[in-house]
Amino acid sequence: MAKSMEKLVGVHSLLLTKNPYTRTPNSNRKSVDLSRDAIALCKQSRLKEAISVLDKMDLDDDIPNLFTGNTLVSIYAKCGRLKDARRVLQAMPKRNVVSWTALIAASCKYGRYEEALNLFYQMQREGIEPNGFTFSSVLPAFANLGDLKQGKEIHEDIIRRSVGTNCFVGSALVNMYVKCGSIEDARQVFDKMCERNAVSWTVMIAGYAQTGQVHEASKLFERMKEPDVVSWTTMVAAYAQNGQVDKALDLFKKMPERDVVAWTAMISGCVRNKHFDRALDIFREMQLADAEPNSETFSSLLPACANLGALECGKEVHQNLIRSGSQSSIFVGSALIDMYVKCGKTEDACKVFDKMAERNVVTWNSMIVGYAQNGYLDEALKLFESMPERNVVSWNAMISGYAQNGQVDEATKFFQEMPDRDVVSWTAMIAAYVQNGQVDDAMKLFDKMPLRNVVSWNTMIAGYAQNGNVEGGMTLFQRMPERDVVSWNTMVAGLAQNGHVDQALKLFQEMPEKNVVSWTSMIAGYTQNGHSNEALKLFREMQLADVKPNPDTFASVIPACANLASLNHGKEIHDSIHRNGFLSDVFVESALVDMYAKCGSIDHACKVFRKMLIRDVVSWNTMITGYAMHGLGMETIHLFEEMLLSSLNPNGITFVGVLSACCHAGLVQAGLQYFDCMRQIYHITPTTEHFCCMVDLLGRAGYLNEAENFVKEMPMEPSATVWVSLLGACRNHTNVEIAERVANLLFHIDPKSATPICATVKHLCCRWQVG
DNA sequence: CTAGGGTTAG
């Protein structure tokens with residue numbers, strides 16, 4: 001921009017020095033002097049100062065002549081001060097095509113296409129003929145209208161006036177046809193052009209890229225004699241926009257020079273194709289190449305941080321933005337909010353939102369999503385109601401917020417009330433039903449959808465699979481018009497989670513493309529179905545295939561080591577986690593604690609547990625249960641007390657651990673107290689497992705009558721295990737009377753599990769006939 | 001005067 005400014009200003013200053021007093025000598029003296037100063041400042045790229053000089057002008061007193069006026073219009077227009085430019089134009093007693101064209105061009109540049117068109121017609125009403133400059137300036141406005149009919153009319157107008165289709169007009173026409181959706185007309189103009197420059201080629205290439213004809217685009221690019229950095233970037237973006245990241249990267253590497261736009265295009269290309277880690281790599285490379293990123297670069301990069309949960313990188317970007325003073329621009333601000341939200345920092349997102357000087361609908365939506373997805377539906381609703389304008393995304397965000405929080409009725413309300421629904425709204429509503437177990441309602445909606453895309457199909461397939469209907473899911477999977485990697489992953493996971501490991505494996509092997517999720521789903525499928533060796537084998541295969549595991553992968557493979565009680569494998573994987581830097585993931589760490597405990601190494605378990613920076617209720621439960629399993633009653637109870645001090649609330653599973661520890665340690669009184677505390681303080685309804693522990697606890701200690709009473713008072717039907725436990729206690733404490741009653745009952749409920757235990761107590765119950 | 005890169009929802 002600075003270059004063209006110099007050129008433009010140069011012309012005018014030359015004219016001014018030749019003949020500064022074109023019109024009446026004295027009346028314009030002041031404005032002429034001021035514009036000369038302004039031009040001088042412009043030449044030194046001191047735009048702000050130039051403008052402040054111009055601001056001193058009083059247009060009521062100082063009527064600008066043609067040259068002064070045109071200079072003023074250009075400078076104001078270039079700075080985006082369209083109002084002032086227009087004011088000057090209106091104050092000019094005489095104006096020519098240059099004055100009008102400058103304003104038209106600026107209007108287009110700042111996205112004020114309507115204004116540009118109005119100016120274009122106004123100028124002709126004033127009897128001034130547009131020239132080539134005018135047409136190339138106004139054509140972007142026609143391009144933006146997207147109206148092919150009007151576009152063809154202006155094309156005919158150009159031909160009629162014999163303006164001549166030079167590079168500028170021709171390229172602008174090609175661009176106009178591309179944007180109006182007629183790539184054929186664009187190509188025709190392109191082919192007819194007598195001379196073409198890099199711009200002409202580039203608009204044509206971009207046109208093919210936007211219509212998905214990346215092959216045509218690359219054919220043209222190959223034919224170009226002197227592609228400039230814009231042409232290269234267009235082709236790189238063309239590949240990325242059409243899903244060919246590898247080709248984009250190859251071309252990017254071959255670029256003779258790269259500017260900030262080229263780097264940004266490559267980063268956003270990776271992001272667009274969900275290669276978030278690659279996007280970060282490119283950014284690091286950019287920093288090493290000493291290229292200065294700008295706010296566009298950061299808005300491209302932030303979604304990568306967001307989706308990777310790379311909070312540190314996101315914060316680094318935020319710091320950069322604060323330093324450059326652009327952290328509150330709309331694009332960057334919205335991207336920052338989204339990044340903080342996805343990294344689980346709703347409060348930081350909120351801070352950014354509050355600080356922003358200007359917000360648009362995307363900003364509001366990002367914040368709504370932030371609240372909604374973290375369960376703050378009231379806050380989300382408040383924002384939704386107070387935002388100045390809403391679009392379909394705002395409504396969809398509310399629907400999925402309610403869906404994720406299990407509030408189907410609210411979701412339905414929004415779905416019904418919203419002014420227009422798109423495919424996302426329908427899919428979000430389907431997900432809401434699925435979440436609530438209403439698969440049939442979900443399917444009804446799916447059938448009614450006016451338009452489906454691959455995500456809608458995937459959601460419905462997952463819906464069936466999650467609710468145990470694998471066949472329903474499989475039918476859809478086979479029926480769907482096109483599948484992406486998510487479809488395959490969903491089906492593999494669905495099959496595996498419903499116990500069909502063989503079918504899952506078959507599908508897994510058939511997959512046209514596998515990602516880390518595919519491998520992880522299959523590994524998890526093996527682990528959950530008790531095929532621990534296969535899980536470990538597949539994990540090894542995955543590493544040989546050079547697929548980088550993520551925390552979920554580890555959380556899936558660690559339990560396999562635990563199931564095998566294989567300390568060596570467990571340690572191996574622990575090392576691998578260390579190498580991959582996932583040792584601060586609460587899921588992974590808890591899985592490690594569990595694995596070490598199950599592999600018999602309670603010390604290792606404790607070491608991992610103590611190193612954890614963040615612990616959730618699962619982490620505590622794992623360690624508590626670990627101690628309990630090792631018969632370390634006192635350690636279990638101490639840890640439990642420590643957990644209470646950490647202000648985390650225990651859940652039912654915590655108490656199973658605690659009660660069984662009391663049982664092993666023979667702490668009858670403590671056990672009874674904890675059982676009461678569980679119900680009265682934490683309002684946890686005891687399950688069969690808790691009763692089992694209590695019966696075991698009382699029975700082992702010889703309180704057989706109390707144990708029997710406990711069973712009688714159970715609110716649910718006692719399971720066979722409870723009776724077996726009690727019967728065992730009778731055997732150990734030689735209580736024939738209760739044993740007889742219990743054995744009778746047990747035979748009644750579950751003859752199969754009754755037989756062996758009854759056999760062992762046979763010598764106590766002489767009168768009892770087995771079988 | 002014409003061409004390339006940016007934020008949100010399933």
Side-chain angles (χ1 to χ4, degrees), chain A residues 4 8 98 101-102 104-106 108-109 131-140 143 166-176 178 197-207 209 227-238 240-241 259-269 271-272 293-303 306 329-339 341 360-370 372-373 391-401 403-404 422-432 453-456 458-459 462:
Chain A
S4 56
L8 176 106
V98 177
T101 304
I104 292 172
C108 281
K109 189 182 151 196
N131 61 18
F133 285 90
T134 322
F135 279 113
S136 41
S137 304
V138 79
L139 273 166
N166 63 20
C167 277
F168 291 111
V169 179
S171 308
L173 269 173
V174 173
N175 181 46
M176 182 274 292
V178 163
N197 61 12
V199 180
S200 331
W201 288 87
T202 307
V203 283
M204 202 59 234
I205 291 170
D228 62 11
V229 65
V230 182
S231 327
W232 280 91
T233 308
T234 307
M235 198 55 228
V236 167
Q241 281 156 15
D259 60 9
V260 60
V261 180
W263 284 102
T264 307
M266 198 58 249
I267 291 171
S268 78
V271 169
R272 184 193 287 263
N294 60 19
S295 70
E296 280 87 346
T297 319
F298 291 128
S299 344
S300 303
L301 185 66
L302 280 168
S329 93
I330 290 194
F331 272 93
V332 150
S334 310
L336 272 175
I337 291 174
D338 181 54
M339 181 275 294
V341 165
N360 67 7
V361 63
V362 178
T363 322
W364 286 86
N365 288 346
S366 305
M367 199 60 238
I368 287 181
V369 170
Q373 291 188 347
N391 64 12
V392 64
V393 178
S394 330
W395 288 87
N396 291 348
M398 290 306 296
I399 294 178
S400 52
Q404 280 160 26
D422 64 4
V423 62
V424 180
S425 330
W426 287 84
T427 310
M429 198 56 228
I430 288 174
N453 63 14
V454 64
V455 182
S456 344
N458 293 347
T459 307

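Here is the naming used below: chain letters follow the sequence lines, and residue numbers restart at 1 for every chain. The model shown is predicted, which means the values in this text are computed figures rather than measured ones.
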Given side chains that start at C-beta, do those of [X] and [Y] come closer than 4.5 Å, heavy atoms only?
X	Y	value
Val362(A)	Ile330(A)	no
Asn391(A)	Ser394(A)	yes
Ser366(A)	Val341(A)	no

Residues at least two apart in sequence or cross-chain that pass side chain to side chain contact (heavy atoms under 4.5 Å, CB included) with Asn175(A), listed by chain then number, are Ala143(A), Lys179(A), Val203(A)
What contact category does [X] fall into here, base, sugar-phosphate, or nothing, at under 4.0 angstrom with non-hydrogen atoms?
X	result
Val361(A)	nothing
Ser137(A)	sugar-phosphate
Asn391(A)	nothing
Ser300(A)	sugar-phosphate
Val236(A)	nothing
Ser295(A)	base
Thr202(A)	base
Val369(A)	sugar-phosphate
Ser268(A)	sugar-phosphate
Ala262(A)	base
Val174(A)	nothing

Note: Ser200(A) and Cys167(A) closest approach over all heavy atoms is OG-O, 4.4 Å
Tightest non-hydrogen contact, residues Val169(A) and Gly132(A), listed as CG2-O, 3.6 Å
- Query: Is the ring centre of Phe133(A) under 5.5 Å from the base ring centre of dC1(B), and are the two planes under 30° apart, so that they stack?
  - Reply: yes
Report yes if a side-chain nitrogen or oxygen of [X] is closer than 4.0 Å to either non-bridging phosphate oxygen (OP1 or OP2) of [N]; otherwise report no.
X	N	result
Gln373(A)	dG10(B)	yes
Arg272(A)	dG6(B)	yes
Gln241(A)	dG4(B)	no

Which nucleotide in the set [options] lies at the smallest distance from any side-chain heavy atom of [X]?
X	options	answer
Asp422(A)	dG5(B), dA9(B), dT7(B)	dA9(B)
Gln404(A)	dT8(B), dG10(B), dG6(B)	dG10(B)
Asn175(A)	dC1(B), dT2(B), dG6(B)	dT2(B)
Phe168(A)	dG10(B), dC1(B), dT7(B)	dC1(B)
Asn197(A)	dT2(B), dG10(B), dT8(B)	dT2(B)
Phe331(A)	dG10(B), dT7(B), dG4(B)	dT7(B)
Thr234(A)	dG4(B), dA3(B), dA9(B)	dG4(B)
Ser456(A)	dT8(B), dG5(B), dG10(B)	dG10(B)
Thr427(A)	dG5(B), dG10(B), dG6(B)	dG10(B)

Taking donor-acceptor contacts at under 3.5 Å, does the side chain of [X] reach the base of [N]?
X	N	answer
Ser334(A)	dT7(B)	yes
Asn453(A)	dG10(B)	yes
Ser299(A)	dT7(B)	no

How long is the line joining [atom1] of [X] and [atom2] of [N], in whole Å?
X	N	atom1	atom2	answer
Asp338(A)	dT8(B)	CG	P	5 Å
Leu173(A)	dT2(B)	CG	P	14 Å
Leu302(A)	dT8(B)	CG	C1'	13 Å
Asp228(A)	dG5(B)	CG	P	14 Å
Phe135(A)	dT2(B)	CZ	P	15 Å
Met429(A)	dG10(B)	CE	C1'	13 Å
Ile267(A)	dT7(B)	CD1	P	12 Å
Asp259(A)	dG6(B)	CG	P	14 Å

The ring-ring contact (aromatic ring centres under 6.0 Å, His included) partners of Phe298(A) (sequence neighbours excluded) come to none
Before giving the answer on side chain to side chain donor-acceptor pair (under 3.5 Å), spell out for Asn365(A) and Asn396(A) the whole-Å C-alpha distance, their side-chain angles and the decisive distance to 0.1 Å.
CA-CA 10 Å; Asn365(A) 288 346; Asn396(A) 291 348; over 6 Å; no
